[in-house]
Colleague: 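My questions will all concern the structure given below.
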There are 2 protein chains.
Amino acid sequence: MQNAELKERIEELKRRSKKAGLRVTKQRIEIFKAVFESKAHPDAETLYNLIKNKVPNVALDTVYRTLASLESLNMVFRVDSLLPKARFDADYTPHSHFLCTKCNEIYDIFLTSATDVKNEVQKKGIGNVVDVNIQVRGICPKCENEKKEKNLWN
Amino acid sequence: MQNAELKERIEELKRRSKKAGLRVTKQRIEIFKAVFESKAHPDAETLYNLIKNKVPNVALDTVYRTLASLESLNMVFRVDSLLPKARFDADYTPHSHFLCTKCNEIYDIFLTSATDVKNEVQKKGIGNVVDVNIQVRGICPKCENEKKEKNLWN
DNA sequence: AATCTTAATAAGAATAATTCTTATTAAGGA
DNA sequence: TCCTTAATAAGAATTATTCTTATTAAGATT
């Protein structure tokens, strides 16, 4: 059974929707699936294009509204990127992001030191922590290699 | 001498401008000063209002362009916030941010664990790190207290 | 100090991302 | 099956930011 996790997450989406008095529509399911299945932290427009064939007359506005409601249910998360378009993630396991400043790709990274950060903030009593967010900006190995290859010809 | 640091930073701005072939205009100086003097990580419009009296006919567009050029000189930095307006900072000492999700204020915080994060990413060879960015989201003490005071009357 | 080159500016138009308005549709409870 | 109302599609509107163009003014050269 390949998509056991997706199935379970959709069940969770249904439970949370019911609890919050939100309705489960075809649009919401398809948009959630598209976020879940993409590993590229897609933006709203990308999701819109991904689901167009499954939900023919869907409006881009619906994608935005749906992402907002999925966010309020903590089923999708907005990724800090400093890029003009907001990008989204359905992975609730605590993790950080590596942003390549060359290709704008966002990679998931898992850092044990993230826990140290949370602990330090809480210990120092800076505020009531809701979540800790770490992004690392740099050049990804893929772009680094392309740069090297190019240099061979220059 | 109260503003020795500001003075020195403006000298640095002039040196870097010359090196980069950029001109030092009254607008650039005033905008830099305003970012430097504000501890609130202001957005472009706030800066525009702050300098209006000193540079009467300044255009909002100039603020945006100037922030971009100061950014290219590494004299100001864009703060990740997930808020619609970009916010800026002139503090180059490595530090992180605490964002209050209630009042949207951004506080500077200094975390020793930030170094651990950088070390971990570098050791794992995830990519060529340019900078590490940590934000903590939560409720600041001020908003936490207001909440408590309100509850007394409910 | 006067001249010259061109980067930077002001003004306002344009663009891009996101949100709002409204009439219509369809969840899902009764 | 009916009914209430949340969610949708369509397109207009809004918000933040960037672009276009004629003008101004750094600052290098004389």
Side-chain angles (χ1 to χ4, degrees), chain A residues 10-11 13-32 34-35 41-49 51-73 75-76 78-88 104, chain B residues 10-11 13-32 34-35 41-49 51-73 75-76 78-88 104:
Chain A
I10 288 175
E11 286 314 307
L13 169 55
K14 288 180 180 171
R15 285 192 292 273
R16 294 190 190 186
S17 294
K18 174 164 263 182
K19 205 176 197 174
L22 298 178
R23 293 176 184 175
V24 179
T25 64
K26 185 182 169 101
Q27 288 85 340
R28 286 191 182 163
I29 297 287
E30 289 305 327
I31 290 165
F32 177 75
V35 180
H41 309 82
D43 58 49
E45 208 178 351
T46 302
L47 291 165
Y48 171 68
N49 289 319
I51 64 160
K52 251 188 207 158
N53 50 330
K54 296 190 175 176
V55 193
N57 290 346
V58 69
L60 179 54
D61 170 69
T62 299
V63 178
Y64 278 105
R65 270 182 302 100
T66 299
L67 287 168
S69 71
L70 293 174
E71 232 187 324
S72 76
L73 296 177
M75 293 297 297
V76 309
R78 202 171 281 257
V79 179
D80 258 333
S81 74
L82 286 184
L83 299 169
K85 301 188 185 185
R87 298 183 59 172
F88 297 87
N104 287 338
Chain B
I10 288 175
E11 286 314 308
L13 169 54
K14 287 179 181 170
R15 283 191 293 274
R16 294 190 189 187
S17 294
K18 174 164 264 183
K19 204 177 201 174
L22 299 179
R23 293 176 184 177
V24 178
T25 65
K26 185 183 169 102
Q27 289 86 341
R28 286 190 182 164
I29 296 288
E30 290 305 327
I31 291 165
F32 178 74
V35 180
H41 308 83
D43 56 50
E45 208 178 352
T46 302
L47 292 165
Y48 172 67
N49 289 319
I51 64 160
K52 252 190 208 158
N53 50 331
K54 297 189 173 174
V55 191
N57 289 346
V58 70
L60 178 54
D61 170 67
T62 299
V63 178
Y64 278 104
R65 266 183 304 100
T66 299
L67 287 168
S69 70
L70 292 174
E71 231 188 324
S72 77
L73 296 176
M75 294 298 297
V76 309
R78 202 171 280 258
V79 179
D80 258 330
S81 74
L82 285 185
L83 299 170
K85 298 186 185 186
R87 298 182 59 169
F88 297 88
N104 286 340

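Chain letters run A, B, ... following the sequence lines, proteins first and then strands; every chain starts at 1.
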Colleague: For the pair made of CG in B:L73 and P in C:dA8, what is the distance, rounded to whole Å?
Modeller: 10 Å

Colleague: If I take atom CG in residue A:L60 and atom P in nucleotide D:dA13, what distance separates them, rounded to the nearest angstrom?
Modeller: 18 Å

Colleague: Specify the closest pair of heavy atoms between A:A59 and A:Y48, including all atoms of both residues, with the distance to one decimal.
Modeller: C-CE1, 3.8 Å

Colleague: Is the distance from OP1 or OP2 of D:dT18 to the nearest side-chain N or O of B:R65 less than 4.0 Å?
Modeller: no

Colleague: Side chains of A:V35 and A:L67, heavy atoms from C-beta outward: is any pair under 4.5 Å?
Modeller: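 They are in side-chain contact.
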
Colleague: May I have the distance from B:K52 (atom NZ) to C:dA10 (atom C1'), rounded to whole angstrom?
Modeller: 14 Å

Colleague: For residues B:F32 and B:I10, determine if any side-chain heavy atom of one lies less than 4.5 Å from a side-chain heavy atom of the other.
Modeller: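 SC-SC contact between B:F32 and B:I10 confirmed.
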
Colleague: Just N and O in the side chain of A:T62: are any of them under 4.0 Å from OP1 or OP2 of D:dT8?
Modeller: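 A:T62 to D:dT8 OP1/OP2: no side-chain N or O under 4.0 Å.
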
Colleague: Looking at the side chain of B:D61, which of D:dT8, D:dC19, C:dA10 is the nearest nucleotide?
Modeller: D:dC19

Colleague: Calculate the interatomic distance between A:R78 atom CZ and C:dT19 atom C1'; express it in whole Å.
Modeller: 12 Å

Colleague: Check for a donor-acceptor pair, side chain of B:T62 on one end and backbone N or O of B:V58 on the other, with a separation under 3.5 Å.
Modeller: no

Colleague: Among the nucleotides D:dA9, C:dA11, D:dT17, which one has an atom lying closest to any side-chain atom of B:N57?
Modeller: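 For the B:N57 side chain, the nearest candidate turns out to be C:dA11.
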
Colleague: What is the distance, rounded to the nearest whole Å, between atom CD1 of A:I31 and atom P of D:dT8?
Modeller: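 The answer, rounded to whole Å, is 7 Å.
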
Colleague: Could you check whether any side-chain N or O of A:T66 sits under 3.5 Å from a backbone N or O of A:V63, counting only pairs where one atom can act as donor and the other as acceptor?
Modeller: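 It does not hold such a pair.
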
Colleague: Report yes if the side chains of B:R15 and B:K18 come closer than 4.5 Å at any heavy-atom pair, otherwise no.
Modeller: no

Colleague: Using modelled atom types and a 3.5 Å cut-off, is there a donor and acceptor pairing between side-chain atoms of A:R87 and backbone atoms of A:H41?
Modeller: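 Indeed, once roles are kept as given, a pair shorter than 3.5 Å links the two residues.
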
Colleague: Can you tell which of C:dG29, D:dT18, D:dT8 lies closest to the side chain of A:K18?
Modeller: C:dG29

Colleague: Please tell me if A:Y64 has a side-chain N or O lying less than 4.0 Å from either OP1 or OP2 of C:dT19.
Modeller: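 No, A:Y64 has no side-chain N/O under 4.0 Å of OP1/OP2 on C:dT19.
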
Colleague: Write down the protein N/O and nucleotide N/O pairs, taken from nucleotides 24-27 of chain C, whose separation is under 3.5 Å; answer none if there are no such pairs.
Modeller:
| unit_1 | atom_1 | unit_2 | atom_2 | d |
| --- | --- | --- | --- | --- |
| C:dA27 | N3 | A:R23 | NH1 | 3.2 |

Colleague: Could you pull out all donor-acceptor pairs under 3.5 Å where a side-chain atom in residues 21-29 of chain A meets a protein atom, sequence neighbours excluded?
Modeller:
| unit_1 | atom_1 | unit_2 | atom_2 | d |
| --- | --- | --- | --- | --- |
| A:T25 | OG1 | A:R28 | N | 3.2 |
| A:R28 | NH1 | A:R23 | O | 2.9 |

Colleague: Are A:N49 and A:T46 close enough, and set up right, to give a side-chain hydrogen bond (donor to acceptor under 3.5 Å, both in side chains), and what steps lead you there?
Modeller: CA-CA 5 Å; A:N49 289 319; A:T46 302; 5.8 Å; no

Colleague: Quick one: B:K14 NZ to D:dG27 C1', roughly how many Å, whole number?
Modeller: 13 Å

Colleague: Could you tell me the separation between the CD1 atom of A:I51 and the C1' atom of D:dT8, rounded to a whole number of Å?
Modeller: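 For the pair A:I51 CD1 and D:dT8 C1', the rounded distance is 12 Å.
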
Colleague: Starting from the first five and the last five pairs of the helix from C:dA1-D:dT30 to C:dA30-D:dT1, work out the angle between the resulting helix axes, to 10 degrees.
Modeller: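 End-to-end axis angle for the helix from C:dA1-D:dT30 to C:dA30-D:dT1: 40°, rounded to 10°.
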
Colleague: For the residue pair B:P42 and B:L47, what are the closest heavy atoms and their distance?
Modeller: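 What the structure gives for the nearest pair is CG-CD2, 3.6 Å.
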
Colleague: Among D:dA16, D:dA7, C:dA17, which nucleotide sits nearest the side chain of A:L22?
Modeller: D:dA7

Colleague: Between C1' on C:dT18 and CD on A:E45, what's the gap in Å once rounded to a whole number?
Modeller: 11 Å

Colleague: Quick check: on DNA chain C, is the nucleotide nearest A:A44 upstream (toward 5') of the one nearest B:G21, or the reverse? Name the residue that is more 5'.
Modeller: B:G21

